[in-house]
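Note sheet for the following structure.
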Amino acid sequence: MMKRYNPKDIEPKWQQQWSDSNLYQAVDFDKKRPKFVMLTEFPYPSGDGLHLGHVREYTLGDIIARHKRMTGHNVLYPMGWDAFGLPTENYAIKMKVPPQQVTKNNVANFQEQMVSLGLSFDWSRTVNTTDPSYYKWTQWLFLQFFKAGLAYQDEIAINWCPKCKTGLANEEVVNGKHERCDTPVEKKTLQQWVLKITDYADRLIRGLETVDYPSRIADQQINWIGRSKGAELDFKVEGHEGEYLKVFTTRPDTLWGVTFMVLAPEHPLVDIITSSAQRIDVDEYKKLTQSKTEIERQNTDREKTGVFTGAYAINPSSNEKVPIWIADYVLSGYGTGAIMAVPAHDERDFEFASKFSLPIVDVYKKDSPADNNFGGEGDVINSGMYDGMRTSDLRERIVDDLQQKGLAKERINYKLRDWIFSRQHYWGEPIPIIHCPDHGAVPVPDDQLPVVLPEVDHYEPTDTGESPLAEVSEWVNTTCPTCDKPAKRETDTMPNWAGSSWYYLRYFDANNDTAFADMEKLKYWGEVDLYLGGMEHTTLHLLYSRFWHQFFYNQGLVPTPEPYKARRGQGIVLATDGSKMSKSKGNVVNPNEIIDQGYGADAVRMSIAFLAPYDQTTPWNSEGIAGTYRFLQRYWTLVQEHIDASKVNLDDSVDQVALKRVTHKAIKRISEDLHGMNFNTAVAALMEAVNELYKQKIELPLGSPAWTETIVAFTKLLAPYAPHIAEEIWNQLGQPGSIHNSEWPVHEDKYLAEETTRMAVQVNGKFREEIVVDKSAQESEILAQAKSADKVQAHIAGKSIVREIYVPGRLVNIVVRD
RNA sequence: GCCGGAGUGGCGGAAUUGGUAUACGCGCACGACUCAAAAUCGUGUGGAGCAAUCCUUGAGGGUUCGAGUCCCUCCUCCGGCACCA
């Protein structure tokens, strides 16, 4: 009696078996096999459980990991928990449970869901960023930045989320709103810990040339870093001896076109140079600027505003006197916070000059006068001795000339800002610093790490800009490690990007308590061979962790200059109607519900692989799951029929060429698709092959050893996608061990050859008929055969043949004329 | 505005990189099995036409024996950045 395909009978059984036998554990220092580190981003274990985005990422990673194991690699495919963060904290506040407990529950739930999907993670290497034995090393690594001068404190105006009551990094602000809660951010001046990522700006760009990232990811990072090459020019301020107004410009060649200067309202020189007559206006404008939100300030449609300071600057080249204004279209955080305004050749300056009736002087004739865009190159005019030069030549010349007078230097500017690292929240790693009245900020000595997050009664953020830890006086009050006098602990915590900036390194040596990881293990595993993750992390986690890693490399802490050899970003899974899945819309698809409906994990895995190319955003097809389930069932049925037949039919005298051809064709296609990460077409190829096998069984009865051979090979091809059914069939066929440790099949060209080929025949490039030609046929024979085909005859009769094109194995094109 | 990516049946998507457009799957229709339904199996399925045939890869032009694929001019959608001097 044939057994029906029921995933519930086989999936939990094999999951248990794999776990009991530690099937997926990676081996440190394995010299026999090449190593392969396969990484998918570790999740934030939310209370909602896994969503389809996770399933896509981890399943596709799992398919690669399983395939790599079968091709003889020592595969490290780990998983962990990025568990610090606001949602847990908010839940803890609401439900009055410790976040530690919430995290524990959520982690257990996530892990259970992952196991039920048949993901082959090596659970012996799990990391949890909230575990003191893990964040001990996050703190230790932070102190390396501090000791190297790359972590510093500064009183600066930062992005502040009034809802979450915390400071934010630039990367966390999207369109003027906090990316997590969509609240418009405000500016707030606070004493902050800052990491000097700008020191690595160039290095972060250059490093991209040494790694395999898709251009959309590399370009986005380059864009974000925003390198621009120009010059810093010094303008004297009239009546203020010794004060220089420094500006950054990419177009020093337009210097003679400067008709006014603009400072950001926050610029420190403003108070010094403002004339008494203008002081009231200036102060009022500064106040007005402060009251605006980031969204208001970023709105480029807004009319330009500004006020005159009453002061004048001297153009270092023309010695002309120009008025100094302040305006909020000049940003205090970029360049020097001041610009030279060239209204003739800059759109913003033009708008400003037009509004306030300031002069506009052209300093070059544009190459294409019809083109009224600002920018571009041309022949210089109105620039004294420089007239007649090309703008592109003057650009360097004028800087050289001024440099001799000490009034200019070449300068590179970046849009990238230093990384605001302080968070005024409870649920994060305490920053391991002690503030001593005599010694300032003193690092907590290594032997006192970790600085454990103290247990508190309430986790609510405060309005004061201080974290709730500030109220835990027995924790805050300590002694200075240097002088033993009373001192206070730093009460800010780290952002949730801290733990995730180095977690992959911990997988190489997850349980080490004397170092963040052993150097020999770091050297063995090296870098991450392939890292899958979301596109939304491109200028957040991915950039941050490259920065950390590059710093570690400079410090001799890691053996490789870059963390990730190759990166791929997967597309978002949308709801069936093409909208974004969200809890508020109630259109979130829960993967475990699909499994529980009876389709099973294998069908879910195949369905998600089949959906679309991995990097493409695509809607979830809730009915598509039936297709992959049907496919698995169809294959299962074929195998069961074969097993039943093999008990009576062992006749193997029949011709097997066709069977071998189907098998080897599938091996070739599916192996190639896996290398190219074309999971969707690989699944299509599996389906096509099974359709073929169904045709073959009519000619060649099931039950023979040739069929066993075919099914063994084909089941291996299926194993990365549908690991449970593959293991079950493997077992039923009496094969030794686990299929997931078996050897991936290799195709042989000799089985692919066919005696005949189909060729298309075109007339004037238009398809007319397909002919079947003998493999050994010569060009002349094929052309003759093509011309004699009925449909072809109908189109060439009575016309003269001008040309005959013959593409071996593909087509014939007859070009005719009336 | 700048930087990426994409437009192919009713739907998700294929197309050996310039060579038979619509593979594979979903859906739909018809048939078989069934008292019936589901499941399963089989057949069909881009559009127009009885047919021969014609049309069809966002629009228009070009190169070519031949274009979904290459070039030019547009349009639309998605992602990122955005008063960055």
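So you know, we letter chains A, B, ... as the sequences are listed, proteins then strands, and number each from 1. Values reported hereafter were calculated over all heavy atoms of this structure, with side chains retained and with hydrogens, waters and symmetry mates removed.
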Open item on the list: Between the side chains of A:Asp349 and A:Lys304, is the shortest nitrogen-to-carboxylate-oxygen separation below 4.0 Å, so that they form an ion pair?
Closed with: no
TODO: Starting from C1' on B:A85, measure out to CG on A:Leu331 and report it in whole angstrom.
DONE: 9 Å
Task: First encountered from the 5' end of RNA chain B, between A:Gly624 and A:Lys766 - done: A:Gly624
Task: Side-chain-base donor-acceptor pair under 3.5 Å for A:Lys304 and B:C83 - done: yes
- [ ] Check whether any side-chain nitrogen or oxygen of A:Gln220 sits under 4.0 Å from OP1 or OP2 of B:C3, and answer yes or no.
- [x] no
TODO: Check the angle between the aromatic planes of A:Phe356 and A:Trp325 and answer parallel, tilted or perpendicular using the 30° and 60° thresholds.
DONE: tilted
Open item on the list: Once you measure the plane-to-plane angle for A:Phe374 and A:Phe350, does it fall in the parallel (<30°), tilted (30-60°) or perpendicular (>60°) bin?
Closed with: tilted
- [ ] For B:A59 versus B:A14, give the span between their C1' atoms, rounded off to a whole number of Å.
- [x] 24 Å
Task: Rounded distance in Å - CE (A:Met535) to C1' (B:G80) - done: 8 Å
Task: Between B:U73 and B:G47 - C1' atom distance, rounded Å - done: 29 Å
Open item on the list: When the C1' atoms of B:G25 and B:C74 are compared, how many Å lie between them, rounded to an integer?
Closed with: 35 Å
TODO: List the protein contact pattern of nucleotides 5-23 of chain B with one symbol per nucleotide (5' to 3'): B for base contact, S for sugar-phosphate-only contact, - for none; contact means a heavy-atom distance under 4.0 Å.
DONE: -------BSS-B--BBS-B
TODO: Would you kindly give the CD1-to-C1' distance between A:Ile572 and B:C77, to the nearest whole Å?
DONE: 15 Å
TODO: Anything under 30° is parallel, anything over 60° is perpendicular, the rest tilted; go ahead and classify A:Trp636 against A:Tyr5.
DONE: tilted
Open item on the list: Roughly how many Å apart are B:G58 and B:G7, using the C1' atom of each and rounding to a whole number?
Closed with: 6 Å
Open item on the list: Please tell me if A:Tyr329 has a side-chain N or O lying less than 4.0 Å from either OP1 or OP2 of B:A85.
Closed with: no
TODO: Round to a whole Å and report the spacing from CH2 of A:Trp224 to C1' of B:G4.
DONE: 16 Å
Task: Cationic N near anionic O, under 4.0 Å, A:Lys787 to A:Glu804 - done: yes
Open item on the list: I'd like to know if A:Arg669 pairs up with A:Glu688 as an ion pair, taking the criterion as any Lys NZ or Arg NE/NH1/NH2 lying under 4.0 Å from an Asp or Glu carboxylate oxygen.
Closed with: yes
Task: A:Trp497 and its side-chain hydrogen bond (donor to acceptor under 3.5 Å, both in side chains) partner, picked from A:Glu171, A:His537, A:His541, A:Glu172 - done: A:Glu172
TODO: Could you work out the separation of B:G10 and B:U56 based on their P atoms and round it to a whole Å?
DONE: 16 Å
TODO: Using the C1' atom on both, measure B:A15 against B:U22 and round to a whole Å.
DONE: 9 Å
Task: Spacing of the P atoms in B:G31 and B:G19 (rounded, Å) - done: 42 Å
- [ ] Please work out if A:Ser228 contacts a base, only the sugar-phosphate, or nothing of the nucleic acid, heavy-atom cut-off 4.0 Å.
- [x] sugar-phosphate
TODO: Figure out the CD/C1' separation between A:Gln633 and B:A39, and round it to whole Å.
DONE: 8 Å
Task: Interatomic distance at C1', B:C75 relative to B:A23, whole Å - done: 30 Å
TODO: Give the nucleotide from the list B:C83, B:G4, B:A85 with an atom nearest to the side chain of A:Asp219.
DONE: B:G4
Open item on the list: For a quick check of understanding: with a heavy-atom distance under 4.0 Å over all strands, which category does A:Asp349 fall into, base, sugar-phosphate or nothing?
Closed with: nothing
Open item on the list: Using a strict threshold of under 4.0 Å (side-chain N to carboxylate O), is an ion pair present between A:Asp212 and A:Arg567?
Closed with: no
- [ ] Using a heavy-atom cut-off of under 4.0 Å over every strand shown, decide if A:Arg302 touches base, sugar-phosphate, or nothing.
- [x] base
Open item on the list: Rounded to whole Å, please give me the gap between CD in A:Glu410 and C1' in B:A85.
Closed with: 17 Å
Task: Cationic N near anionic O, under 4.0 Å, A:Glu770 to A:Lys791 - done: no
Task: Spacing between A:Ile594 atom CD1 and B:C26 atom C1', to the nearest angstrom - done: 15 Å
TODO: Kindly label the base of B:U17 as syn or anti, based on whether its glycosidic torsion lies within 90° of 0.
DONE: syn
Task: Carboxylate-amine/guanidinium contact A:Asp182 A:Lys177, below 4.0 Å - done: no
TODO: Taking only Lys NZ, Arg NE, NH1 and NH2, and the carboxylate oxygens of Asp or Glu, determine whether A:Arg568 and A:Asp615 approach each other closer than 4.0 Å.
DONE: no
TODO: Quickly work out the A:Lys799 NZ to B:C65 P distance and round it to whole Å.
DONE: 18 Å
Task: Ion pair A:Glu266/A:Lys286, N-O distance below 4.0 Å - done: no
Give me the distances for all protein-to-nucleotides 41-48 of chain B N/O pairs that come in under 3.5 Å?
none

Open item on the list: Checking one value: the base orientation of B:G9, syn if chi is within 90 degrees of 0, otherwise anti.
Closed with: syn
TODO: Compare side-chain N and O positions of A:Lys246 against OP1 and OP2 of B:A85 and report whether any pair is under 4.0 Å apart.
DONE: no
Open item on the list: For the residue pair A:Arg634 and A:Tyr694, would you count it as a cation-pi contact if the rule is NZ or CZ under 6.0 angstrom from the ring centre and within 45 degrees of the ring axis?
Closed with: yes
Open item on the list: Please give the stem ranges for RNA chain B, sorted by first residue number, where a stem is three or more consecutive Watson-Crick or G-U pairs and both donor-acceptor distances are under 3.5 Å.
Closed with: B:1-7 with B:75-81, B:10-12 with B:24-26, B:27-32 with B:40-45, B:46-48 with B:53-55, B:58-62 with B:70-74
TODO: Please work out if A:Arg227 contacts a base, only the sugar-phosphate, or nothing of the nucleic acid, heavy-atom cut-off 4.0 Å.
DONE: nothing
Open item on the list: Evaluate A:Phe352 against A:Phe260 for ring pair (Phe, Tyr, Trp, His ring centres under 6.0 Å), listing each step before the verdict.
Closed with: CA-CA 10 Å; A:Phe352 194 82; A:Phe260 59 100; 5.5 Å; yes
